Asker: 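For reference, the structure I am asking about is given below.
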Amino acid sequence: MIKCLLNFNDMTKAPKKIEAILPKPMQYGMVGDGFRVYNYFPNGYRIREFISPFLMLDYNPTFDFGPSEQPRGVDVHPHKGFETVTIAYKGSVAHHDSKGNSGIIHPGDVQWMTAGAGILHKEYHEKEFSKKGGPFEMVQLWVNLPKKDKLVEPHYQAIEGKDMGQFKLEEGKGSVNIIAGNFNGIKGSANTYTEINLFDIRLQEAAAINFDVPAEHNCGILMIDGAAEINGKRTMQHEFVLFAREGENIDIKAIDNCTILLLSGIPILEPIAQYGPFVMNTKEELNIAFEEFNSGKFGVLN
Ligand code: MN
């Protein structure tokens, strides 16, 4: 679905207050041998209250791992109680899970996996991409589920870039792919359990765009590529703009050609008990998750 509309957001609303501009973390971490990621929301830091319903943002900036006959990635592992959202910018990722699902996430595509009651999966560089090597760039976002939905049946939404709701700026100055939520009346592709906006924004140098995000949403912007002025503040590539729950309007002026990820959502005000890939509400529920995992309840995947 492609629509051409004027950007008619209400400019009279108050600008959304910038809480902080976070630099790219100092250290990257490896997830398996295929994801060289910077974790923008370190565990335990009070940033959690500012980013709920999001739990984790791992970003693998462009990196060439080189050609490999044996696809790089992360082998079989569990998830329970939340959702993983993988956004491919460069290179391709293949996945398989214990429910018999599999697929490939190509540049511009998104995979929205609801782990819910528990699943095993593995995530690898796609075979042909792996053989050739080349630039690889990905985001994986973890989205919490509210207590009432933590045990839903695991499932996927494979969302291809070409099928996403898209807003186009005039004169080819850019576009917004609406992964989830709503922008200028265009609905996002993903079904979500809580109110979330997730926008893949591409702007040409000097282009400007304006977003209304409800004041009560937590909100952040990851500068994937390029520099921009956001609500009057200059932000550089790989910085993360963290907003306060104050004001609604986000004004972006691209300084260079920009690729920008905007995320926002209603915070889930429930206790979090997390151990690695299990995100529940209580310690008892974590223990149950371990028992289920150890006893093979999440299924089998080789
Ligand atoms: Mn995973």
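Whatever order the structure lists ligands and atoms in, that order sets their numbers, starting from 1. In this text the structure is predicted, and so the values were computed from the model without any measurement.
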Asker: Of all N, O or S atoms in H79, identify the one at the shortest distance from the Mn ion (ligand 1).
Answerer: NE2
Asker: Please check if atom OH in Y156 has more than 12 non-hydrogen atoms from other residues, nucleotides or ligands closer than 6.0 Å.
Answerer: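 Counting other residues, nucleotides and ligands, OH of Y156 exceeds 12 neighbours.
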Asker: With the threshold set at 4.0 Å, does a side-chain nitrogen-carboxylate oxygen contact exist between E285 and K150?
Answerer: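 No salt bridge links E285 with K150.
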Asker: Looking at the Mn ion (ligand 1), which N/O/S atom of E123 is the nearest one?
Answerer: OE1
Asker: When rounded to the nearest 0.5 angstrom, what is the spacing between CD1 in I201 and CG in L222?
Answerer: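 Atom-to-atom, I201:CD1 and L222:CG are 11.0 Å apart.
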Asker: Quick check: of its N, O or S atoms, which one does H77 have closest to the Mn ion (ligand 1)?
Answerer: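 Closest to the Mn ion (ligand 1) among those atoms: NE2.
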Asker: If you measure from the Lys or Arg side-chain nitrogens to the Asp or Glu carboxylate oxygens, is any gap between K297 and E291 under 4.0 Å?
Answerer: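 Salt bridge flag = no for E291 with K297.
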